[in-house]
Structures are given as C-alpha cells and as structure tokens.
Amino acid sequence: MLESLAFIIGTTLMYSTPLIFTALGGVISENSGVINIGLEGMMTMGAFVGATVAYFTGNPWLAFLAAGLAAALLALLHAVASVTYSANQVVSGIAINFLGPGIALFLSRMFFDGATMTKPIPLGGTMPRPFHNLFIWLSENLSGTAGRMFESNSVIDLIFDQDATVFIALISVFAVWFVLYKTKIGLRIRAVGEHPKSADTLGINVTKIRYFCVMASGMFAGFGGAALSIAIVANFRQTLVSGHGFIALAAMIFGKWKPQGAMWACMLFGAANALVVFFGRAASPIQISQQLLSMLPYILTLIVLTGIVGRANAPKALGVPYEKDSN
Amino acid sequence: GATEEEEGLSMAMVTDVGGVNDQSFNQSAWEGHQRAEKELGFNVSYLESNQDADYHPNMETLMGAGNDLIWGIGFKMGDTILEAANNNPDQKFAIIDYAYGDDAPDNIVGVLFKEQEPSFLVGYIAGKMTETGKVGFVGGMEFPVIHRFQYGFLAGVAHADPSVEVFVQYADSFVDAAIGKAITKQMYLDGADIVFHAAGGVGDGVIAAALEEDKWAIGVDRDQNDLAPDNVLTSAMKRVDNAIFNVAEMLKEGNFPGGETVVIGLAEGGVGIAPTSDKHVPADLLAEVAELEKKIIAGDIVVPYSEETFEASR
Amino acid sequence: MKSIDFSVKAVEMKNIIKKFGDFTANDQINLSVHRGEVHALLGENGAGKSTLMNVLYGLYQPTSGEIFINGDKKDIIDPNTAIACGIGMVHQHFMLVETFTVAENIVLGMEPTKKGLLDMEKAIEDVEEISKKYGLFVDPNEKIYNISVGMQQRVEILKALYRGADILILDEPTAVLTPQEIKELVQIMRNLTEQGKTIIIITHKLKEIKEVADYCTIIRRGKYIGTVDVSKTTESELASKMVGREVIFEVEKQEKEKGKLSLKIDNLVVKNNRGIDAVRGLSLEVFEGEILGLAGIDGNGQSELIEALTGLRPVVSGKIHVNSKDITNKTPLAILANKLSSIPEDRQKRGLVMEYSVAENMVLENYRIKPFSNKGILNHEEIKAFSEDLIEKFDVRTEGPTQKVSALSGGNQQKVIIAREVTNDPDVLVAAQPTRGLDVGAIEFVHKALIEQRDKNKAVMLVSLELDEIMNISDRIAVIYEGVIVGIMDAKDANENKIGLMMAGGAEDEAI
Amino acid sequence: MKLFNETKSKIIGLFLKENLKFTLISIFIGFLIGSITLAVAGFNPFRAYAIMFSGVFGRLNYIAWVIIRSTPLILTGLSIAFAFKTGLFNIGAEGQFIIGALVAALAGYFIQLPAILHIPVVILLAASAAALWGGIAGYLKAKFGVHEVIATIMLNWIALYLTNFVVTLEAVQRPARPVSHNIQPTASLMFFQQWKVTEEGRAWLLDNFLAREILRTPFNAGILFAVILAVVVWYILKHTTLGYELKAVGLNKHAAEYAGINVQKNIVRAMLISGALAGMAGAFHVLGNTQRVAILAAMEGFGFNGIAVALIGGSTAIGVVFSALLFGALQYGGTKIQLALGAPTEVINIMIGTIVFFIAIPRLIKILLAKFSKKRGEDNA
Ligand SMILES: Nc1ncnc2c1ncn2[C@@H]1O[C@H](COP(=O)(O)OP(=O)(O)OP(=O)(O)O)[C@@H](O)[C@H]1O
Ligand SMILES: Nc1ncnc2c1ncn2[C@@H]1O[C@H](COP(=O)(O)OP(=O)(O)OP(=O)(O)O)[C@@H](O)[C@H]1O
Ligand SMILES: [Mg+2]
Ligand SMILES: [Mg+2]
C-alpha cells in the first residue's frame, strides 16, 4: 500500500520534471511581460541538442548545459522579435514552434545519417541518479530495519532514487522563486512585467531585462527537453516532445504565473499520469478502458481549473511591447 | 546519375510517419530496397510521410516517377494502396503489414508477418529465464499487429512455464516515453523481471527503465540490444528488409505474386530472434529455442495471434 | 518665507526642439528656473508641456537644444542621468506598479541590498525616514492598489526624493486630487522649497498657479510664449496668453424650474471589486431639467454607484427607478432601453472601441436597431450618414467617419461619446468625469452640451472630482462620502469650503 | 451584384494594403532562408525550388493535390482567424477538427439517407459537435474565467483519446483494422467516386486526359464549401450585427459590456462558431478525402498548422484562403524535393517558421525597406 503511494509519488516526480523546467521558463519570460508560446519549439531544440551532445561526448552535464544554451539561442530570436521589434508575441512564439523542430530535425538528419532520431546515448552519458549508489550502500551496510528502509523498491528508494534532473528541477523552482521575490533583479523583472514604463523612468533597462528573461526562459525550456531526452530516455526522436511544451504552458497559466504554482500544476498533471499507469495495470482494483483512462489528466486539469475562483493574475504588461518614445 | 538511363527495374517506397531512418521497420524496409539495388540492380527511392494525409499524394508522386513497384510501409496505408491499385491497374503495389484477402486486385501484394512467432520465442525465453515468475508486456496502442506480439508472447511464456504470470499494459500511445518508463517500472515493482514491448517510441522508456532498474527488457522489430547492451535480453525481429528483397526478386524473375498475401514467418526467414541473443541467453536455452523454431516451421506448434486463437490454444 | 536663490539657475533649457516624425512638439522652447523656485508650466492640451519635461528627465532626446543644470551643461541621455543630476519627476500618468507595496515602488531601481539580496527591512526604514523628513506620510507596507490617488502621488514624490532629487517635476499633479489633497500638496510643495528643492509644476488650473507658483512659463502649440512673474499677473491674463484669445470662465446658464422626478435611487447598496460595501444605503433623486452635481473624493463609491446605475455591477439591495420604472439589476441593454445613458468615467476603457472607426463607435449602442441594421445585417450607408451628421453637429475634428477613433485627440474622442449618448435622447444622462484631462476649449464644449440637455428638460447627473466644475454648472449639489450622501444643497447656497469639508467627512455644521 | 462589386473592391483594396506588402516580403524572406538552409546542407536551392514549382504546377493532378491538402487548412485557418478577431486564441482547432472528423465518420456510416440529405445532415452534425467542443472552452472562459489557451490544449487531448476510444468500439471499428468503417457513398463529397472505378468510367477517363488527371486524386467538393464558408465568415464579420458585436467584444470587452453587449454570451458564441469551422474542416476531410477516421497515435496538426495559416493570412477571410493554398503548396511541393534531391523536408517547416516570424515583425521589414530605398536613392544621386 505504502509502496503503491510511493510509486505514484516517484512517477509523478519523474513525469513532471520536464514540464516543471519548461513551465519555469514560461514563468520567467511572462513575468517580464513577454508571452512565450514557443516553449514547445524550444523544448524540442533542447531535447535534440541534449541527446546529440550526450551521444558525442558521453557527458550528461555538458549535454544538459548545451541543451539550455541551444534553446536559449532559439529564444534569442523570440527576444529580438518581441523586445526589439515590438512583435506580436503570440505570432513570434508560433514561429518558434515551427523553427525549433524544423531546425532540430534538419540538424539531426545532418548528424545522424538522415535520421530524425539520434543514436542511443552510451552508458554513462545519461543523467546520473545522485542517491542511487548511496541507497545501495546504505541498504548493504545498515543492519535491520534501517537497512531495509533503503532497499531497492522501498518507499524511500521509490520516491528519492531519481534522475539528477528531478532534483535540479525542484531546486530550480526554489531558485526562480527566490530570484523573483527575494532579489533586486527579481523585483525589477516583475516591475518590468507589470509596468515597464515605470521601470524605465527609474533607470531600469527594460530591454535588457526582457532579453535576459526570454533567454532564460529558453534555457529552462531546453533543460526541460533535455530532461526528457537524456534522463527519462536516452535518445531523441521526432515525437519525443509531442505536446509537453503546450502542457507546460498551460501549467504555467494554471499556476498563476508563479514558480511554485507552475510546479504544483505540473505535479498535478504528473500525478494524473501516474494514476493512469497505476490504474491501468492488470492488478488494478478498477478496470477502465485505457483510452478513457488516458483522458484523465486532461479532464482532471479542466475540473480543477473551474474550481479555482477568480481569474488568474497575469502580469499587467504581458504581451504588450514596450516602446520608449510613446505614451 | 548515370544509372537513371539504365534499363533496370525501379522500386520505391512510402514511409509512414516515422521517417526512413526510424531505426525500426521503415529503416529496415529501406535497407531491403538498398539490397535490391545492390544485388538485383533496381533503381530505388523513397518518400517520407509527415502525417496520414501524405500517404496518398506520396503514392501518386511515386507513380508519376514511373516506378515498377511501389511499397507502402505500414498497415495505415492499406486503403490508400487499394484505391491506387484499383485506379491504376497497370501499376504494381505492395504493402507491409496488410492483407486484402481474396478479392485483392492482382496488381497488389500484401505482406504479413507472423509477429506472433518471434514473440513466442522471446516469450519462451522470458518464461524460462524469469527468476520471479513474473514478466511483462507493454503495448503501444491496441492494434491487431500489436495483438499478434502480445498473444504470441503470452503463448510463449505459457509454453515455457504455465505458472509464470504476465502483466499486460497498454500505453495508449506510441510516443510518450515517460509513460512507457512508468509502466515498466511499475511492472518491475510488481515483481516482473523481464518486460517485452511492442510500443514504438514508448519502448524507449521501457528500455530506459530496464537500464535504470538493471532488469531485462526485450526489444522489438529490430535488434535493440544497442539501446542498452547489458539489459536488452533479446529482440523479436521482423525482417522487413528480407520480405521486400524477396518480393523484389520475384518481380525480377517475373513471378510477382500479385493478388496474393505473402505471409512471412519463421519458415520464410522473415522473423526471428535477435542475433545478439547469445550475449545473455544461455546456450542451452537457445538450443531449446532453436528446437521450438523447428517445430513452428514444421507446423507442430501453431502460435496464437489474437485473443480468440490464444484462448482456443489453451 | 520665500527661499528662492536667484544666483543659481537650477534648470536652464535653451532652444529645445523636439520632433516626432514630421510633427514638432517643442519648437525652440526656453525655460529657466532658479533654485528654490516653484515654476509653473502652462499650456493647452497638447501644447508640449509633458514632452518638454520628458526631455528634461531624459525619457526623450531633444532634436536640438541645450540643457544646463545648476549652470553646467548636461547631456541627459536617459532617466539615470537625470536622476544623477538630481532631477526627479512625477508623471502625469502615475508610474506605479500596482501589485507592489509602497516601499517596493519607492526603492525600485535603487534597492538596498544585504549580501546581494533585497533588503526590504532597510527599504521600509528608509522610506519611513524620508517620509518623516518631508512630512509625506505613507504606509510602506500597503499595496498601491489599496491606497488613494492622493497617497499614490505622495509615493511618486517620495520616489523622487528617495533618489535625492533637488529638482522636482510635477506633471499635472492636481488633476486627480480632491480640494483637501490639493491643499496638502501645496503645503508639501512649500515644505520642499523651504528645504531648498526646486519645483516645476505643470497644471491647467490657473488658481493653483496663482497660489503656489513664483514664475510661470507659457507654451502654445509647442512654441515658447513667455515667462511671467505670477505675483504680477491675473488669472485671465494667464488664460488668454495660453489660448491666444480671451476666455470666458462663467458658463451661461438660464434659471430653470426643475420638473418631475426622473431618477430615484433608494437605499442602494453595492459592493466593490474586493467585496466590500462601497455604496452603503445611498438615496438620491434627480429631476427633469436639472443638473445634479455629485461631489466627492475619489474612491467614495462614485464609480460603483455609476456602474450600478448602468447595469455593470450588481446591486446588493435597494432600488433604482427611472421614470418610476424599476431598473435595478437590469442588464446594461435594458437600462439603455429605459432611457438612462451615461458618459463613462474612463473613455478609452468603457466608452470607445479604439480600433473601431468613428462611425462604428457612434452606433455602439444602436447598431441593433433600424435603420442601422435590419434582421442582423448592418446598413453601412445609414451608419455613415448618421455619423457624418453627428460629426458636423458636435464638431468632431476627424478626417471622416471611417477614421479610427484611436487616431483622434482626447477631446475629440470625448466628443464622439457625448454625441452618441446625447443622441440616444435619454431621459437621464449620467456624466462621469466628462472633462477629465480636457483643455479649456473642450471643457467649454462639454459643459455647454450638458446644459443643453438640462434645457431640453432632461435629468443630468454630473459626477466629478472637479469642485469648480460642479459649482459652475450644477443646479443642485450632492456630496458623497463613504458611499452615502452626506449633504444636498442648492448650488446657489454652496461654497467651496462647505463642500470641501463635507467631502472630507466633516459634518456641515462642525468645524475641525 | 452589389456584393460582387464590394468583394472586388475589397480584394483590390487588400492588394494595396501595407499588410499585404509585408506578408509578401515575409514570404520572400522565408524562401531566402529556405534556400540558405538548403545550400548549407549541400543542395542546390534553385534546383530545389524549380522542382517544387513544377511539383506543384507541373500537372493538373498536382494542383488538385494542393487544393485537397489546403481545404482543411482553409477551414482551420478560418476558425482560428475568426477567434482571433473576437479576441480569443483558439489553440483548440486541432481538437475541434478531430471531433468534427469523428462525428462525420460516424454519421456518414450509421445514417442512411439519400445523398442530397445525407451530406448536409452529416456536415451539420459534425459542425454542431465541434461547435460544442469549442463551446466548452468558451463556456469555461465565460463562466469560470478559465483561460481558453489551457482549456483548449486539454480539450485537444481529450478529443484525441475520445476518438481512439470510439473507433475501437465494436460497432465502429472495421474488423481487425485500426480505422472506422467507411462512410456510405451517399455521404461522400468526392467527385464521381463510384463512377470513376466502374468499367465505363475507366474507359471514359482513358480518353479524357484532363479529367483523368484530376479524378485520379480524391478531388472533392470540399474546396467549394471552404471558399463559400470563407465568404460567409467575411460577411459575418463585416456586415452583420453578430460580427460587429463579436469584434467589439474582442477589441474592448469593457466598452462592449458598457454598450449593452453580453460579453459572456459572445465569448461562447465566438467559440461555438470557431469550433464549428474547425469541425467542418474535419468533416470535409473525411467526406471528401479519407472516408473514415483512424486511431490517432498523435495529433495530425491540421489545427496547429491552421494557426500559421491564420497568421500568414492576416486573420482575414480572404487572406486565409490564399495562405492555406500557399501552405498546402509548400507542404506538397516539399515532398518533391525529397524525392528528387533527397533534401530534408524539414526545410519547409523552417520556411514556414521564418515567414510567420517575419510577419510578427513588420517593423523590421519597414526598417529594412527604408534602408534599401535610401541606399538606392544614394546610388542614384
Ligand atoms: N511619443 C510621441 N509620438 C508622437 N507624438 C507625440 C508623442 N508624445 C507626444 N506627442 C504629441 O506631441 C504633442 C505634445 O504632447 P504633450 O504630451 O507634451 O502635451 P501636453 O502639453 O503635456 O498636453 P496635456 O495637457 O494634454 O498633457 C501632442 O500633440 C502629442 O500628440
Ligand atoms: N500567458 C499566455 N501565454 C500564451 N497566450 C496567452 C497568454 N496570455 C494571453 N494569451 C493569449 O493572448 C490573448 C489575450 O489574453 P488576455 O489575457 O489579455 O485575455 P483575457 O483572458 O480575455 O483577459 P482578462 O484576463 O482581462 O479577462 C488571449 O487570446 C490569450 O489566449
Ligand atoms: Mg499629454
Ligand atoms: Mg501632459
């Protein structure tokens, strides 16, 4: 029983990790006032670059960073359009969603003999699990109950023996929250998202902050993609991301543009999927058609949303380009 | 190139949405074409499809390019090909994973694989090798092809040891690797130690789970041992390349089996277990498998391929 | 107690030219201000006052011209430079982040930090300290959306002072203030000059200039007209310099008997956005052929009252009758049909669809009826003819009915609304802040239009924060305070002190 | 006649508009970036474009294919453009398409009626179901303030799994196939579908090259409906009180509310109409082309591509028709360069992305144009 619960929690964490990264990206960009509907495209870019770098170098950390960097570069396009050239941010984001996968698959064909998938990442090239060896050591060296607590498939093992990305994601939530609400730059970011002109009159460089945020947004979306391609699985293929970016976008709005809110929304979604897996197994006490069960996460999200009273508070200047010489 | 002017036969294929280098049966199909090019002197080419709506126009494009034989790779192209064959009686077609039955027009060949046969063999291996008495099967979506894998596997396990329990779960997706990983981990948690998948991209998650939990996974379609050399026990292979090469050969020899359904099983060398199986499967067990193979070829064992045939066989 | 130091020119702007494309907003403007002086900047709407000040504050770059601060030539390339020169600016439209606290707004851009982290405790201390120093009391922890406009303005001033500003620019600081708040502001300005600060104030209100300013520079259509010593001039002289002609202040208005009861509000209770009662048992009657002025400080329930009257906000209890028909909690459409129209408070938010043409806006309430549409099909010709007619009648300055309203000036946008509402031929016309931000000419026009309605025997309810306006054109005046009417009087019996006191919550007969 | 004249002047007006100029320049830049990409990958871009051009216009049946491909995109594009006009972002056209297709397949198979009734009944049912699907998002937004972007993303997935569930029901699924039964011939919109495979039809087609070229494709009446619907959408937005209200709500809901327009009702109405349009895209796709629905392993992208179509078309009805044709031509032509050169078709996505990207930034184009013309001016001097 307890193990079942632990499994559901563990699966929730695994499933929601790529979403959390990506939704955090959305949080950062949108708090500075730039809509980022291009998360899906940025995530695809990150997933591809992560898998490719991991394949060629065998170094997951380098791959992870490269994924963030590549997606940030893609985000730079979005920043140029929406910050410098006052683009319609939704349109620019949609463009990113064509460009990201387009470029990623194009490059994939160049690097992998025409394939739209990468080769499997060699052993050791994927994200390590930081507690894995510790738990094994503990279970072998502690005696009695204490040892059993860390055994494979024990509650602790099921919940905590996760890819490093899971912990990085959770830390990132805290870090983004901290930056947004506890630091100078965070105050400025939020000011720019709410009232860019006010920030400008106080000598804050709106353009710089928005560039920074949009690129950070890309970086996190890239991390999200990499969390799929080098942690959950060990390769990239065309269909790997399929829709996760949009789910993260929804989670970000659902979480009312707050890092912790976005995280909970992603976890809700992850938990719903964990339940689908749990109830979908043969031994499950309830037997429902798999297709009906698959709808659960989406229906659940809709229901929860209607239950949330009041409208979500988007940053006031969200989607409005800031132009200096106008009233 | 110069070859364009040569008086060789031409053969082309339309891939399904996976693309030609999908490290799965589209790729295998293309390898079959390439072999036909090399050994039989065919001119070969392919067109990729990005969505279902591409099949028909791609087919037309290949017809326009003047090919002698056009392949559709995947059952989803079944109707498209039938229609094209009806409209163009002079054009020859063939399709993988689809059969038209008796009223097929005679310019069309359906190629079916007995996926249940290699699945039976890997099921037998799993049934023998499991230490926990539990194994798993992860399916993509509930398609007849996937059912053939599933029931062949079930029968194989039962043949090895009727007391071994098999967890069967479908992901209802061919793409969501994370779901595949979660299902597989769940199966391991429930005590399974070997999991077989027939689930496309979802299978990436299955193999990732095996790698992480250091348990066994069984690959599908091609030899997937490269994905996790220490954890992919064996694979149920489907030699689309051989099938295509064989039909091409028949075409060249003037025996194009138009109007027929070519069913390829162990006997025809179109399916089998992965050559790397000897890495992890003990030799004596492989010997048993070889025996079974012979029996299947001889018709002594008829492997079930659907729920009904499976129930009937028990 | 004047503290002007005539030896130092705190600000000197020479031959400033600022062009927006082909349009010259500032054409060779000169401005010189001594240290410790209150210098007023006067001009009609669009004269270029804000532009000039934005140039001084580094928000705009002048096309040509020179700026000297305390005698030194400065290149003010951005607000940071301006701040470094000791310039602070309170903008016409407040520059506050509504979701932030007072303290967060004040320190934004110059945040105190501790070990690299935001030090909000220090920020709050700092704010308390300067607010004590200059007598500008605020609650540092309150969110901006929770405080009054007057408070918000203090926050704006504190923002400048926190940055060590010696030269303060106040762009129309009194436009949104109550008489009491204006008095306080005047006091604050005196305090500041006593402490050696220099102030440049933009305002349309001549009375205020007379009251606080030492010198006044007048701008007309982007051109420098001159600088006058305020103590040696009169209000009407200033006015005629500003517009270039004589201005009549008094509105012509014939005596008129009021008719029968038209709008009856009975014990009305309405909640605000935060769910708190904003209108709390308010009763009021407006009769045919009168203008009832509703005076009151912003935020005492006026907005909620108007929204309830027009069907935009639910009534919790109480009744509203128009011509003895109950319109309580009816839809806006039903209320329109019952002949209550309104000129909304916020013209761009409520009154107009900015991306629609003038013609389309003219029929915003009437597009559903003949002849503008028939069975759901619009008749563009009729709409065009109708709006051409109104454009002419109301003297809307526009290229034509197909021009987008967003391209019109504020005054002309307001004319579109008034034309539309008046043409509805309502029995009751509720006009909320109808002249906010308009220049003298436009104000004259609006006032005439309202009086015309009254003379046509309509009931007009004028809700305004401008006491002068209320006193000028109302027949009766009601004062609203904390959601109830605290006094009603004939305009003849009203005076500024009396109303001002009631607006601040003091009873009629008690003096504090 | 009046309508015709107005339409004509509208079209002429459109070509004079700045927006169109920017769109054309964006398309040009898209091709430019596409050619750079191809060149970098070692393919001759001129050859590639020549192949694409002849692959699209070279034969009558190629043109027919482009039209077939563009038909659903016109409608999903219209759906999204319509929602844009009313201030809503309907990411859910994909799901509404799926629902429309599903219902069309079911009604086309189960209902027995003569063609003259069957077709309209099927279309009506499909449009209504999809309208409801879109309406859910509208209702959730109007009633609970749920952001339509989230609601429609969720509804897309629900639609997908719902289809997969329904298609696998015994009564619906073709035995042992992952598809539904084919619709009755009475519901088909394909031209001469029955006749063209009869002996007589074949014989006739053999002698009539042009007809044969077109009829070898599933050329169907969908395009006619799509164009008619584009005109209807244009007419609604331009000439009806409904359109006036919807646009007013989209542009400024506060003013609309003040003027007595029921904002909530109009949000729902807008989503109903938008959903109906996307649903009809699905219906025509089934009735005209596929004749059935299949189990979906992933979204097919008709709705998502519709977003790009709407954007390239400037969210105007006429613009959408042209941009859908461009989109269809690019996608169809893209497969030809793969066959001829082995060039990756992803270059098409890069081109489309580039076009949409530059459409987002008319300002940059303006600056580029100004520089360009200035330079020319200097050269002349
Ligand atoms: N950024 C801008 N771009 C183009 N024109 C501008 C810009 N800012 C101001 N203008 C124009 O310059 C003129 C002067 O504007 P400004 O805001 O300085 O007027 P003002 O004197 O402050 O008027 P008001 O009393 O209404 O505040 C106006 O006609 C205005 O439309
Ligand atoms: N954070 C976002 N990410 C993606 N798209 C967005 C986001 N916010 C808004 N949009 C899209 O942009 C459009 C404008 O959104 P906005 O929030 O202003 O509308 P709204 O929800 O009607 O406003 P309100 O919150 O005042 O009711 C919507 O159609 C929405 O789909
Ligand atoms: Mg101004
Ligand atoms: Mg001004």
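Sequence lines set the chain letters: A, B, ... in the order given, protein chains first and strands last, and positions in each chain run from 1.
Of the atoms belonging to D:T290, not a single heavy atom falls under 4.5 Å from chain B. In this structure, no portion of D:I68 lies under 4.5 Å from any heavy atom of chain B. Residue contact with chain B, scored on non-hydrogen atoms closer than 4.5 Å, is absent for D:N182. Residue B:A171: no heavy atom, backbone or side chain, is found under 4.5 Å from chain D. Using a 4.5 Å cut-off between heavy atoms, B:N58 contacts chain D through its side chain alone, with no backbone atom that close. In this structure, chain D has no heavy atom under 4.5 Å from any part of B:A84.
Side-chain atoms of D:Q338 and B:Y46, non-hydrogen and from C-beta on, do get closer than 4.5 Å to each other. Side-chain atoms of B:T61 and D:Y62, non-hydrogen and from C-beta on, never get closer than 4.5 Å to each other. With contacts defined as side-chain heavy-atom distances shorter than 4.5 Å, the pair D:L339/B:S45 qualifies.
Note on B:E60, B:M141, B:E142: by heavy-atom pairs under 4.5 Å with chain D, the leading option is B:E60. Here B:D54 is the residue among B:D54, B:N88, B:L62 with the most heavy-atom pairs under 4.5 Å with chain D.
Residue B:D172 comes nearest to D:N164 through the heavy atom pair OD1-ND2, 4.5 Å, listed as atom of the first residue, atom of the second, then distance.
One finds the CZ atom of B:F174 at 8.5 Å from the CD1 atom of D:I295 (value rounded to the nearest 0.5 Å).
Ion pairing between B:D79 and D:R177 fails under the 4.0 Å rule for side-chain N and carboxylate O.
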